[in-house]
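Step one of this worksheet: look at the structure below.
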Amino acid sequence: MYESLPNVRLQLASTPENVVLVREMLSGLAETLTVGESDLNDIRTAVTEACNNVVLHAYEGDLGLMEIEVHVTSGGVRALVRDHGCGIQARPEGTDPYPPGIGLHVIHTLAHSLELKETVGGGTEVCVAFAIPGISALEPCSDERELPSLALARTPSTTTLSIAPIVLARSVLPRLVSTLAARAHFSTDRISDTQLLVDALVAHVQGALSGSQLKVEVDVEPRKIELHIAPLTLGRAQQLIGDSELDGLGRVIEKLTDRRHIATFGAYESLTLGLTDSR
Amino acid sequence: MDVRLGPDRVVLGLHGELDLLGAPLLEEEIEKVEAGTLSIVVLDLQDLQFVDSAGLRVILTAHERSRRQGKELALTPGSEQVQRLFTIAGVSEHLRIIDSADELLV
């Protein structure tokens with residue numbers, strides 16, 4: 001539908017917990033873009049309703065992929081919520097007892113424009129646009145490579161964030177990873193470690209990136225998180241670890257992680273960072 | 001969520017976000033409270049920052065149940081986002097909004 005690649009793409013399983021993550025992503029974006037509270041409320045509410053529709057109706061009780069894309073344009077924000085499920089269908093009587101269709105009504109009221117379409121191959125896209133005076137368009141993502149999944153296997157507990165420009169990652173990635181660390185039942189101290197780690201990562205990753213887009217896959221298990229970071233220029237993953245050195249603390253990425261692994265994918269590298277909370 | 005007993009009411013204090021994830025927990029808690037003897041339930045929304053249609057459904061369903069049972073369900077105002085959703089959904093005038101959780105109900 002739209003020519004330019006999104007500034008943010010979030011891919012995650014269609015669960016109620018993950019709708020919370022979507023809101024965290026939007027709050028992080030708003031922080032960098034200095035979107036006012038009232039506009040942020042409207043965006044969070046409308047996108048939540050679109051995501052809730054995916055969770056409740058797209059996969060008929062099963063889990064499936066939920067994709068959220070955000071484009072920052074001149075004078076506004078455009079958000080797209082996509083599923084690959086059963087498409088737009090009339091719901092049987094009695095499934096929305098009170099009041100029926102309120103989610104779409106809320107979206108329609110809050111957004112400047114709303115577009116629904118069925119996607120090729122099955123599924124639905126809900127596209128909502130918000131007019132926010134004063135916002136400047138961000139440099140569009142120019143990296144059109146479809147990077148393969150970095151984790152060994154994509155599971156329902158995998159969250160993938162693709163983001164450009166990097167300045168957005170500074171407020172979005174820490175929020176997402178902290179929320180996921182809490183979900184992994186990390187202690188408060190270990191959640192703080194995770195935040196420090198992500199702060200160090202986003203502070204230095206731009207110089208290591210191959211291209212303009214950062215892709216981070218996060219896998220969560222009880223007391224364990226893995227971050228897979230790509231695409232990095234060949235040889236730069238190790239340099240990224242070295243760049244994270246702080247006076248008195250050493251290499252933050254090394255100090256705060258339990259596992260580090262560099263993998264090569266043809267013309268680029270990925271860096272995997274594993275953290276556990278082994279209390 | 002916290003639960004407080006008053007002389008004539010039960011006050012459920014909601015915090016943070018009431019959404020698709022948390023709505024079933026509120027529903028469960030309201031049903032427990034309804035099984036008791038007090039005829040007034042107050043949802044204290046002063047610390048509620050966000051609500052979605054799933055959360056709103058729980059509130060409206062509880063309101064309808066209390067009306068049918070001759071009981072009272074009242075709410076204190078929530079954040080700007082909460083009040084805005086109530087307005088958009090057209091339910092503000094149907095719900096009993098009180099200034100504070102301990103306000104006398106006539």
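Numbered from 1 within each chain, the chains take letters A, B, ... in sequence-line order.
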Quiz item: Going through the checks in order, is the side-chain contact (heavy atoms from CB on, under 4.5 Å) test met by A:L110 and B:R84?
Solution: CA-CA 10 Å; A:L110 293 174; B:R84 183 145 159 76; 3.2 Å; yes

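Contacts between B:Q49 and chain A at a heavy-atom distance below 4.5 Å are absent for every atom of the residue. At a 4.5 Å heavy-atom cutoff, the contact between A:T45 and chain B is made by backbone and side-chain atoms alike. Proximity to chain B involves both the backbone and the side chain of A:S38, based on heavy atoms less than 4.5 angstrom apart.
In this structure, B:D99 places its CG atom where only 12 or fewer heavy-atom neighbours from other residues, nucleotides or ligands lie under 6.0 Å away. Atom CD of A:E37 is surrounded by 12 or fewer heavy atoms from other residues, nucleotides or ligands within 6.0 Å. When the shell of 6.0 Å around NE2 of A:H105 is examined, it contains more than 12 heavy atoms from other residues, nucleotides or ligands. With a 6.0 Å radius and a threshold of 12 heavy atoms from other residues, nucleotides or ligands, B:H15 has its NE2 atom above the threshold.
Taking every heavy atom of both residues into account, A:G103 and B:S53 meet most closely at CA-OG, 4.4 Å.
Atom CD1 of A:I102 sits about 10.0 Å away from atom CG of B:D52, to the nearest 0.5 Å. One distance of note links CD of A:E49 with CG of B:L85; it measures 6.5 Å at 0.5 Å rounding.
Taking the side chain as every heavy atom from C-beta outward, A:R23 and B:E17 approach each other to under 4.5 Å. Side-chain atoms of A:N41 and B:F50, non-hydrogen and from C-beta on, never get closer than 4.5 Å to each other.
Among the candidates A:V106, A:T109, A:L56, A:N52, the residue making the largest number of heavy-atom pairs closer than 4.5 Å to chain B is A:N52.
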